[in-house]
2 protein chains.
Amino acid sequence: MKKVTIKDVAERAGVSTSTVSRVLSPQINNYMRKETREKVLRAIEELDYRPDIRAQSLRGMRTRIIGLVMPDALNPFYQELAYVLEEICYRERYGLLVCSSKNSPTRELTYIDLLERQKVDGIILSTVGLNETKLNSLTKRGIPIVLVDRDVPGADIPVMFTNNYMGGCQATQYLIDLGHKKIACIIGEMNTLSSINRLKGYYDTLQKNGLEIDKKLIKKGKLTFKDGYRLMKELLRKSGDDFTAVFCVNDIVALGAMRAIQEKGKNVPSDYSVIGFDNISLSSISNPPLTTIAQPIKEIAQAAFKTIKRAKRQGSLKKKEHKFWDTKLIVRESCRKIG
Amino acid sequence: MKKVTIKDVAERAGVSTSTVSRVLSPQINNYMRKETREKVLRAIEELDYRPDIRAQSLRGMRTRIIGLVMPDALNPFYQELAYVLEEICYRERYGLLVCSSKNSPTRELTYIDLLERQKVDGIILSTVGLNETKLNSLTKRGIPIVLVDRDVPGADIPVMFTNNYMGGCQATQYLIDLGHKKIACIIGEMNTLSSINRLKGYYDTLQKNGLEIDKKLIKKGKLTFKDGYRLMKELLRKSGDDFTAVFCVNDIVALGAMRAIQEKGKNVPSDYSVIGFDNISLSSISNPPLTTIAQPIKEIAQAAFKTIKRAKRQGSLKKKEHKFWDTKLIVRESCRKIG
DNA sequence: GTGAAAGCGCTAACAC
DNA sequence: GTGTTAGCGCTTTCAC
């Protein structure tokens with residue numbers, strides 16, 4: 001009925017609370033009689049006692065909570081990030097506080113405030129609206145923050161992400177290697193560095209291969225199924241059979257594009273090759289299964305978590321440090337050789 | 001650099017910490033001079049002070065954290081539950097600690113232990129392995145627990161869920177109304193009450209309409225795309241055109257079934273009508289868009305949250321109380337009228 | 001109206 | 001080896 005505290009355990013075992021505390025953290029200063037330890041252990045067992053993490057953390061220890069702040073919890077890419085991160089946290093007995101900013105800077109700030117007040121051990125953030133000033137002031141306040149997926153140039157904070165440029169190159173080069181010469185591109189609205197870099201990879205690879213860049217084949221929109229569908233329809237209407245392949249900035253968009261093609265009575269990959277980006281789990285069960293560029297989500301999550309733990313241990317975060325991970329081409333069935 | 005505490009604010013404002021505290025909770029006992037309050041407010045502002053929730057909660061207040069423990073974070077249904085719940089929590093400035101048990105009872109227990117030690121204000125649980133004894137002992141320890149989606153018969157705990165039986169009836173009746181007489185069924189492995197009740201709805205509705213139950217048309221498997229696909233293939237092979245429609249226990253399974261049909265060169269809905277369950281977001285962008293039964297996720301989430309808040313306020317949970325919500329038929333394009 | 005002081009559950013010097 | 005004590009940041013009697 002009543003909460004059982006360290007005092008109850010101490011009384012029951014006939015020792016002081018500090019002795020109980022010592023039993024609880026055996027790694028440090030574990031000199032004590034076997035007999036005493038066993039008495040305490042028995043009392044803990046009998047009372048089914050579990051130390052209060054809040055109280056522990058007040059005394060300077062960690063809260064064992066990590067906050068994840070991401071732009072969109074419905075986006076499969078972030079869902080997978082959350083999933084992977086949760087797994088990592090679980091192994092180390094951390095909890096993951098999941099927050100979606102829904103692309104709203106206000107909401108993002110509110111969440112970060114909440115996380116700060118919860119004194120989480122660290123925040124893994126894919127920011128939609130924070131600037132360097134705010135970010136720097138946050139780290140000064142002692143909360144380790146790690147940026148993932150989206151960079152904030154001026155901020156003195158570690159950032160880990162995918163080499164999006166490389167991914168853009170890989171995708172484009174793959175299509176070129178298959179014999180495609182006219183390659184369309186459906187891309188996000190350019191407000192994120194990821195999009196910019198993926199597009200840059202597309203540009204550079206075309207040029208490197210002596211192919212012309214046709215602005216009419218580049219469509220911009222939101223990163224949704226709907227917009228992928230809509231923009232592909234536009235492409236099909238306007239440029240007819242001017243192109244034979246399309247590079248989509250992410251898998252969701254690619255899925256929308258495939259739908260548009262199929263609705264037009266055309267076939268993927270016979271008529272048009274489609275390549276995506278992210279390798280979300282959906283892309284393996286789409287029809288046809290989507291060829292795509294995989295992001296190193298696990299590596300990013302792992303690194304972010306480690307960085308936070310290290311920062312917490314050392315009492316401070318390393319300054320700006322960029323970590324890139326390579327992308328990987330995942331060949332499935334949405335692209336074909338031509339010519 | 002240094003964390004700013006209530007003491008700092010008190011000093012700066014030239015008042016005691018209790019006065020600052022009073023300013024922080026204006027709802028209770030707010031008798032104080034305007035002047036004093038403003039001094040304090042100014043100091044808070046200047047120092048950018050945020051009270052530590054851990055410390056607050058240690059003094060008997062809530063932690064403003066809710067734990068969600070679910071069987072499978074990759075299942076779109078639970079993803080949407082988490083999403084909806086997060087939104088509700090956000091509005092009230094709560095954090096949501098997301099835990100997936102991955103269908104492992106051990107993992108579930110570990111998480112619940114963690115949540116208990118974090119002294120979360122409540123746990124919303126879709127259990128995979130907890131029995132009534134454990135559950136009851138947990139509530140005795142003072143943590144409000146609410147069961148969602150899955151019931152544990154003996155437990156003295158509120159449980160809120162979908163009227164799965166009704167959903168099974170609705171789906172089946174809809175198909176019958178469209179003229180279908182031979183209706184197949186792809187269902188989960190029967191270890192959950194949801195599956196059982198949905199199947200029961202299917203049975204009863206067939207009977208009510210004077211239709212025969214054909215065991216050969218009922219397939220059991222896991223609740224995955226893969227198994228939906230596999231079982232549909234079996235159905236198509238074995239019973240050829242013995243049936244014209246199929247009721248799938250959830251949308252993911254239905255999507256897999258549709259894929260199998262399409263790969264066979266058949267069409268949905270011309271050759272076979274398909275109906276799902278859950279109304280996950282994917283089902284609106286599938287090809288064809290899936291007709292399905294919607295679960296009242298928002299209502300469940302809202303009710304669960306409210307129940308926890310009430311319990312926290314009153315210091316105790318109501319005993320066993322079942323709350324059912326109606327399902328709703330969502331007509332899209334995967335079913336057609338025949339005969 | 002406001003301050004002093006006790007105490008939430010725990011850890012970590014410091015005694016002995 | 002083990003107990004005593006102070007204190008983490010906050011709220012809440014109880015004085016004044």
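Any value given below was found using the heavy atoms of this structure, including those in side chains, with hydrogens, waters and symmetry copies removed. Every value quoted in this text rests on a predicted model; they were computed, and no experiment measured them. So you know, we letter chains A, B, ... as the sequences are listed, proteins then strands, and number each from 1.
Nearest-nucleotide assignment on DNA chain C puts the 5′-proximal partner with B:R33, out of B:G60 and B:R33.
With B:V159 as the partner, the side chain to side chain contact (heavy atoms under 4.5 Å, CB included) test is satisfied by one option alone out of B:L147, B:I145, B:L125: B:L147. The side chain to side chain contact (heavy atoms under 4.5 Å, CB included) test with B:Y94 singles out one residue from B:I65, B:T63, B:L85, B:D121, and that residue is B:D121.
Taking atom CD on B:E38 and atom P on C:dG1, their separation rounds to 15 Å, with Å as the unit. Between B:L47 atom CG and D:dG9 atom C1' the separation is 15 Å, expressed in whole Å. Across the protein-nucleic acid pair, A:K39 atom NZ and D:dG1 atom P stand 14 Å apart, rounded to whole Å.
Nucleic acid contact class of B:T36 (heavy atoms, under 4.0 Å, all strands): sugar-phosphate only.
Ion pairing between a basic and an acidic side chain is recognised when a charged N comes within 4.0 Å of a carboxylate O; B:D113 and A:R50 show such pairing.
By the 6.0 Å and 45° rule, A:R107 does not stack over the aromatic ring of A:Y111.
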- Item | Letter per nucleotide, 5' to 3', of nucleotides 9-16 of chain C [B base touched, S only sugar-phosphate touched, - untouched; heavy atoms, 4.0 Å] | BBBBB---
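A donor-acceptor contact shorter than 3.5 Å is absent between the side chain of B:E299 and the backbone of B:W325.
Phosphate proximity of D:dG3 to A:T19: present, with a side-chain N or O under 4.0 Å from OP1 or OP2.
Residues B:R62 and B:Q56 bring no donor and acceptor atom of their side chains to less than 3.5 Å of each other.
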